[in-house]
There are 2 protein chains.
Amino acid sequence: MSVSITDVARAAGVSASTVSRALRGQPGVSGEVAAQITAVAARLGYTASRSASSLASGRTFTIGVVVPYVGRWFFGTVLDAAEHVFSAAGYDVLLYNLGSPETRKRFFTKMPVRKRVDAVLSLLIPDEEESAALRSLGVPLATTVGGARPGFTVVGIDDRAGTESAVRHLVNLGHRRIGMISGSSGPQHWTTPIARRQAYLEVLADAGIEHDPALEADGDYTVEGGERAMTELLAAARPPTAVFAQSDEMAMGALRALRRHRLRVPDDVSVVGFDDHELADVVGLTTVAQPVAGQGAEAARLLLRQLDEPDAGQPGQVRMPIRLVLRETTAPPRPRGPQ
Amino acid sequence: MSVSITDVARAAGVSASTVSRALRGQPGVSGEVAAQITAVAARLGYTASRSASSLASGRTFTIGVVVPYVGRWFFGTVLDAAEHVFSAAGYDVLLYNLGSPETRKRFFTKMPVRKRVDAVLSLLIPDEEESAALRSLGVPLATTVGGARPGFTVVGIDDRAGTESAVRHLVNLGHRRIGMISGSSGPQHWTTPIARRQAYLEVLADAGIEHDPALEADGDYTVEGGERAMTELLAAARPPTAVFAQSDEMAMGALRALRRHRLRVPDDVSVVGFDDHELADVVGLTTVAQPVAGQGAEAARLLLRQLDEPDAGQPGQVRMPIRLVLRETTAPPRPRGPQ
DNA sequence: AAACTCAACGCAAACGCTTGCGCAACAGCG
DNA sequence: CGCTGTTGCGCAAGCGTTTGCGTTGAGTTT
């Protein structure tokens, strides 16, 4: 029923090996014969069986992409861009969505990608054990999040610089009580929240502002979490006049909480986010923009390059530019109340 | 280097066929031997090569999911849910992101999923030619968008009912000049915008409101498109006092446009969206909620069922519930101006 | 004209698994 | 006790490619 390489070979009056070579543009077959074969293959609607060819060749022409939540804007956007690069290069992508701890565990113990992929792009930060498991695959690895990791190509941003620009902006506006909504709920090895928190503390210290632990809350990187966190901050003895959220989603949650508390933004409270979410502009959110799609595409390109030249040296590290985007959720604090 | 089935067989003192059967829980191997084999396999860290087993069995344990834009909330959410169902059932998902016409064309001519997947879930509406190509794969097919299609299991919503509830809501508030931002830019065979438009027209007719073509604009299903469309509507001789957008993203674009025009929502203009986007609540958008993740999960489940019982009858059709969610972007029109 | 290259192609052996079939061994039956 | 079933397992033939190597014949060198 299904047309195989021998069918093509027979129809073209050559051997299967010649068909194989011709269709893949390998040397060892004359121009005319190759043309003939391509024509016949097209006429018969022949597509090589991926299973068979990867079994024989050891190459799968497939990239594994593991992501915590495809549904979230950040990951969806990275994936979108990466997928375009991969598919343009003739690679398919095998998607693993590892949101819950169980699926994540299942993935890393069963390792379904073993012998199924030529490389893997991880959009989540593997812990020591997990990255060891990935390395054991013996294929090029890349990630777009978190810091340096042995064996991984990482393309990311300067989290500290980004955070600095955001918090410094609030300081410059005159704010002294600056809260932070972090997304630190994840495992410790995720360096992003840590780096951003450090930068936050440093800017405060630099401005001579004493740090108040009551002005920090965890937002879990979600809208709901951000809302909860903001509510928490508002309950503090002396609530913040400005808030830096480590992601736009959390910032939007914060906006919602503020609205529910009948507080005006930026009159009563300023808020700045991180990411430049697609909808940040709609809500007028001041934020730190990072090239999200750009990171996905770049990581994909680097991975492909490693595939092409396996003898290349250390996996690279790329820092993408960030920039503060001023919109309408930040303003000087209202000159009222004590201090 | 890599451990194969024969390694396990040797170590367990049985034949490869017995290992194969034991590991897949097939009958024909005694309990103790099976236990032995599983233990040995675990100790050796054996994972069956997917290429080899699919070559031999013809089954791939992989589902192809084709989607227009993974980055967009709707598709990302559907995909997320579907992936969970698939992976829980032991299936991997091969992702094809077909946003641009070129990649789409490439996909449907090269058909890279041929012999690579056991089923495909399409999140885009294939035209006649494309769905014929999909059917030629000879595997179960499902989609979560658009209307009935021969050979496809489709789980969706009642677009007309959803639209009716939205537009009727505006009518009931007293609006007479009700604009619509549609997403009809796609190919004609996409029934969603068409169905929604019809329902829109019907409600107007039913309310005795004459239809004004100047109150319709195309928003391309994007935020930017929605903004453009709203700007267009505002330029009409008699601009609308309310707008129904066929997606929340377009509605949010409309909100942005309105803000730029210094018009207040809902005081000057009411707007209602469609989807109940994750952030609809943040901006207070009144909208028609549909179970997005639910549709993805349900479609995935139906696909798996077809895989289990291939002799089942016609592919099913499921209608998921919708409901109007009232928030803060709709209100009665201001009683001023002529009529 | 013999010896040698080299390009173009075919042969056949993998690749690692699944599965129909055959063959013991053992149980239950008349 | 022979006979038929049944259970548990091994044999070996695929599945559809890729690829190292061998063969052929035309072209080039001495």
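In what follows, every chain begins at residue 1, and chains take the letters A, B, ... in the order their sequences are listed.
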Sugar-phosphate, base or nothing in reach of A:S57, heavy atoms under 4.0 Å: sugar-phosphate

Covered region of DNA chain C, 5' end to 3' end, by chain B [heavy atoms, under 4.0 Å]: C:dG16 to C:dG20

Heavy-atom pair with the smallest gap, counting every atom of B:L307 and B:P140: CD1-CG, 3.5 Å

Pair of N/O donor and acceptor under 3.5 Å linking D:dC15 base with A:S49 side chain: no

Heavy-atom closest contact (B:E83 atom, A:Y96 atom, distance): OE2-CA, 3.7 Å

Distance in angstrom units between B:R21 CZ and D:dA12 P, rounded: 14 Å

Whole-Å distance separating the CZ atom of A:R59 from the P atom of D:dT19: 10 Å

Interatomic distance, B:L55 CG vs D:dG16 C1' [rounded to whole Å]: 5 Å

Sugar-phosphate, base or nothing in reach of A:S17, heavy atoms under 4.0 Å: base

Heavy-atom donor-acceptor pair, A:T18 side chain to A:A16 backbone, under 3.5 Å: no

Sugar-phosphate, base or nothing in reach of A:Q26, heavy atoms under 4.0 Å: sugar-phosphate

Charged tip of B:R59 within 45° of B:F61 ring normal and under 6.0 Å: yes

Rounded interatomic separation in angstrom, taking CG from A:L23 and P from D:dT19: 14 Å

Value in whole Å for how far the P atom of D:dT17 lies from CZ of A:R10: 12 Å

Position toward the 5' end of DNA chain C (nearest nucleotide), B:Y46 or A:P27: A:P27

Position toward the 5' end of DNA chain D (nearest nucleotide), B:A52 or B:G28: B:G28

Whole-Å distance separating the CZ atom of A:F61 from the P atom of D:dG16: 21 Å

Lys NZ or Arg CZ of B:R72 over B:Y69 ring: under 6.0 Å, within 45°: yes

Ionic contact status for B:E130 with B:K105, cut-off 4.0 Å: no

Atom pair CG/CG of A:N97 and B:D80 - distance to nearest 0.5 Å: 4.5 Å

